[in-house]
Each structure stands twice: as structure tokens, then as C-alpha cells.
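Read the numbers this way: they start at 1 and go in the same order the structure lists the ligands and their atoms. Bear in mind the structure is a predicted one, so any value in this text is a computation, not a measurement.
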Amino acid sequence: MTLTAHPSRALTGEIAVPGDKSISHRALMLGGLAVGETRVTGLLEGEDVLATAEAMRQLGAEVIREADGTWRVFGVGVGGLKEPATALDFGNSGTGVRLMMGIVAGHPITATFTGDASLSTRPMGRVITPLSEMGANVHAREGGRLPLTLTGAQRALPITYPLPVASAQVKSAVLFAGLGAPGQTTVIEPKPTRDHSERMLKAFGADVVTEEGPKGMRVIRVTGEAELTPCQIAVPGDPSSAAFPVVAALITPGSDITVRGITLNPHRAGLYATLIDMGGHIEFLNERDEGGEPVADLRVRASALKGIEVPPERAPSMIDEYPVLAIAAAFAEGKTVMRGAEELRVKESDRIAAVAAGLLANGIEVEELPDGMIVQGYGGAPQGGGHALTHMDHRIAMSFLVLGLGAKKPVSIDEGRMIATSFPDFLPLMRGLGAEIAGESA
Ligand code: S3P
């Protein structure tokens with residue numbers, strides 16, 4: 001379904017974006033591994049998370065959605081999952097498949113993991129390697145791609161694993177497999193990545209210890225053969241989804257919006273620090289702690305932005321936000337340099353190539369780098385008027401629709417369907433703020 005965003009009047013109003021995707025996946029997974037009932041409110045009901053809910057059911061947990069939107073997960077305990085009768089299909093979701101591979105690796109069962117065309121091109125070797133060291137047996141397609149079949153270990157081996165890539169998914173897969181192993185499983189991360197797994201494991205009563213080393217290095221240890229106790233989880237708003245209305249308000253003259261209840265976990269907030277460095281008017285209101293995560297409301301006003309060099313060490317804390325940052329950069333005065341983000345090449349699409357092509361199609365100068373890009377800003381509204389190819393990537397789709405709201409001419413995208421993987425209400429929420437986006441609902 002083609003969608004077209006038209007140059008918009010000022011965006012105004014107050015919205016809440018859906019629940020955080022990373023936290024939603026983990027709530028269902030750890031709920032399924034606890035003994036008894038976990039209740040989750042504010043769960044993101046996007047396709048990625050619904051695929052995880054279905055996979056947990058296939059593995060033997062009872063997962064129920066109440067009419068009021070509360071989710072109830074009746075867990076079977078660590079070690080209690082059953083072998084699924086059919087393949088587990090994770091759709092578009094790298095987080096779903098990689099974290100669940102970790103969980104299955106800690107159980108003596110066999111499961112087949114599949115996904116859509118985009119997920120089937122993404123590298124799974126990064127989790128196959130440590131999980132094999134822990135005793136899992138994996139048969140994957142050439143290059144460690146899906147579909148793959150994984151047989152978990154009878155008794156997983158606790159390992160010490162230094163992460164070769166800064167990836168919260170790999171860290172979490174190893175920690176989750178470690179829940180089933182005797183003794184301590186240790187992950188060493190060279191750069192800090194999102195710590196939702198560690199926070200939530202603690203909330204479920206697991207013994208998890210984090211030691212901070214030099215230059216952001218961290219050592220995380222989980223004690224296995226754990227008994228997890230059920231929890232109540234209130235999922236905060238997703239900063240990666242909030243990024244789209246926030247950038248839209250910054251670049252659309254006269255805008256003044258508030259986005260309520262966003263988690264500002266320091267490992268997720270890199271985009272907001274960057275936009276403020278670029279001169280964006282973003283205020284954090286009503287800062288509070290909700291369910292172990294720092295939360296705030298964001299007030300955002302249209303701003304004259306300036307290009308900056310984004311600190312490369314910030315990359316893990318804003319890895320999903322580079323596409324929409326590139327859109328903000330197109331409106332800034334001067335160059336914005338983004339480096340240290342080579343992981344963008346293996347996301348739902350090659351996000352460096354997809355963003356560069358979309359910007360060029362809209363008359364915006366950009367230089368692709370192996371690990372990022374340099375965007376030459378217009379110092380105001382760029383031309384627009386182009387068509388962007390999304391490559392089945394929800395964040396590319398939403399980013400180019402945001403461009404169309406602030407550009408001089410409308411911007412279209414080839415396919416909006418994937419938006420439902422992470423932000424099913426994107427179109428109605430944006431239209432409610434005053435955005436003019438034509439096409440069918442995603
Ligand atoms: C996620 C980790 C990140 C991120 C993804 C969600 C998570 O991926 O891009 O959207 O929930 O752990 P990597 O771990 O591959 O960097």
C-alpha cells in the first residue's frame with residue numbers, strides 16, 4: 001500500500017505512543033518462564049510482539065489478552081517449556097527470534113524458527129555461535145540464516161562470552177540460555193547496550209549482577225537453574241516510536257506537541273541527546289520511575305536545527321533512530337556526520353543504503369559511509385517530491401513519511417504495511433496531530 005505525506009500545517013496536541021517493543025517481547029518471554037501468572041499492561045500489540053506471544057503459546061505457556069488490554073501470562077517455569085508441534089514464525093522480528101533461540105537453547109527440546117523474507121536475510125550466526133558453545137545444536141541455512149532448527153542442551157553449559165558486536169539481542173540470548181545452566185553465565189560487553197533484560201530478570205527475582213569496567217565495558221552475570229517469580233509489568237512508551245512524531249514536530253513550522261510516558265532509559269535515549277545538541281527544543285516533563293524504568297513526558301516544539309558530528313559511542317543507545325535522525329539532519333543548517341553505526345547494515349533492511357537512496361530521491365545530498373552517512377542539511381525545508389523504497393522496513397517507511405510533512409513537496413513510500421510491526425496506530429496518531437498522510441491505514 002502506497003502512502004503519501006503532504007507538507008503539513010503545524011502539528012499540535014498530546015499523544016501517547018505504544019508500549020516499548022524491547023520491553024514487550026521480554027515481558028512475554030520471562031512471564032512464560034516464571035512459575036505462575038504475570039500481568040502486563042501497556043504491551044505493544046504490534047505484529048512483532050504478537051508473534052512472540054504466539055511462540056510462547058506454542059512452547060506451552062498460556063498467554064491471554066483480556067478485553068481491557070491487560071495481558072496475562074501463565075508461565076511454566078525455567079526448564080518447563082515443551083517442544084512445539086509446528087515451526088515458530090517470528091515474522092519480521094530479529095528480537096523475537098534471537099531472544100527465543102536463547103530460551104529454547106536452555107531447554108532439551110527441538111524447535112524450528114522461521115520468519116519473513118527480510119528476517120530470512122539477517123545474520124543469526126551471532127547467536128548460533130554462543131548458543132552452540134552452551135551445548136545447543138543448530139542447523140541453519142547457508143550463512144547462518146533462517147529457517148533454522150535448534151535443539152537445546154540437555155544441561156546447558158554456563159559460559160563466559162565477550163560480545164563481538166554491541167548487541168542487546170545477543171547479550172539477552174546468552175543470558176536467557178544461562179537461566180537453564182548450572183552456575184554463572186557471564187556476558188562481557190565492550191560498549192553498553194540496552195539493559196532491559198537485566199532489569200527485568202531482576203524484577204522476576206533472578207540473580208543478575210552487573211559490574212562496570214573502563215570505557216563503558218560491562219560484565220553481566222546471571223545465576224542459572226533459576227526460579228523466576230511472576231511480576232506485574234507496566235510497559236512504558238517506546239522512545240523508538242516516539243522518535244517519529246518528535247522529529248516531525250521539530251521540522252514542521254509552528255509545531256508544539258507532547259508525547260506522554262516515554263522510557264528514557266539511558267541506553268535508549270541517544271536520539272534525544274542528539275536532537276538537543278542540534279538545537280531541538282525538547283523538554284522532559286514529569287520525570288518519574290515506572291516499573292524499574294525512568295519515564296518522562298516530552299514537549300517538543302518546531303526548531304531551527306544545526307548539523308553536528310554525532311558521537312559514534314552513542315550508536316548503541318540510538319541504533320534504531322538513525323533513519324529518522326537523517327531526516328532531521330536534512331532540515332539542519334550544515335552537515336550531520338553519523339559514524340560507528342555499521343550495525344545499520346543488518347537491520348530489517350540495509351538502513352544506510354535505504355536512507356541514502358530515499359534522501360537522494362528527494363533532492364537531499366548524502367554521502368554513504370561503511371558505518372554511517374553524512375547528510376548535507378538544507379537549513380530549512382528540503383525539496384522532497386520523491387518516492388522512497390522501504391525494503392519491508394517499518395522505520396524506513398515512517399522516516400520518509402515524516403520527511404514529507406516538513407518538505408516543500410509531498411513524499412511517497414512504496415509500502416506502508418510493515419509499520420504495523422512496531423507502531424500499528426502510527427497513521428491515526430499522526431493524523432490526530434494534524435499530519436496529512438494519504439493512503440490506506442497500515
Ligand atoms: C533490540 C536490540 C537492538 C535493536 C532492536 C531491539 C532488543 O538490536 O536494534 O530493535 O530489544 O534487544 P541489536 O541487539 O541487534 O543491536
### Query
Does anything in residues 163-175 pair up under side-chain hydrogen bond (donor to acceptor under 3.5 Å, both in side chains), and if so which pairs, sequence neighbours excluded?
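Applying side-chain hydrogen bond (donor to acceptor under 3.5 Å, both in side chains) to every pair that reaches into residues 163-175, excluding sequence neighbours, yields Arg26-Ser172, Thr95-Gln169, Arg98-Gln169, Lys171-Glu189, Lys171-Thr193, Lys171-Glu198, Ser172-Ser197.
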### Message
Once rounded to the nearest 0.5 Å, what's the spacing between atom CE of Met134 and atom CG of Leu157?
### Response
7.5 Å
### Query
Could you give the distance from CG (Leu33) to CG (Leu201), rounded to the nearest 0.5 Å?
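Rounded to the nearest 0.5 Å, the CG-CG separation comes out at 9.0 Å.
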### Query
Does the pair Arg57/Glu54 count as a salt bridge with the N-to-O cut at 4.0 Å?
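Looking at Arg57 and Glu54, the cut-off is met.
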### NZ/NE/NH1/NH2 to OD/OE distance under 4.0 Å, Arg72 and Glu66
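Looking at Glu66 together with Arg72, the answer is yes, because their closest N to O distance falls below 4.0 Å.
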### Task
Using the test side chain to side chain contact (heavy atoms under 4.5 Å, CB included), find all partners of Pro190 that sit at least two apart in sequence or belong to another chain.
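Listed in chain order: Leu163.
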Considering only the protein, which heavy-atom contact is closest to [atom], and what is its distance?
| atom | value |
| --- | --- |
| atom 12 (O) of ligand 1 | Arg26 NH2, 2.7 Å |
| atom 6 (C) of ligand 1 | Thr95 OG1, 3.2 Å |
| atom 4 (C) of ligand 1 | Asp320 OD2, 3.3 Å |

[X] versus ligand 1: do any nitrogen or oxygen atoms come within less than 3.5 Å of each other?
| X | value |
| --- | --- |
| Ser22 | yes |
| Ser172 | no |
| Ala168 | yes |

### Task
Can you sort out which atoms of ligand 1 are near Ile319, meaning under 4.0 Å from one of its heavy atoms?
9 (O)
### Task
With atom 16 (O) of ligand 1 as the reference point, say which of Lys347, Arg194, His196, Arg395 has the nearest heavy atom.
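The nearest heavy atom belongs to Lys347.
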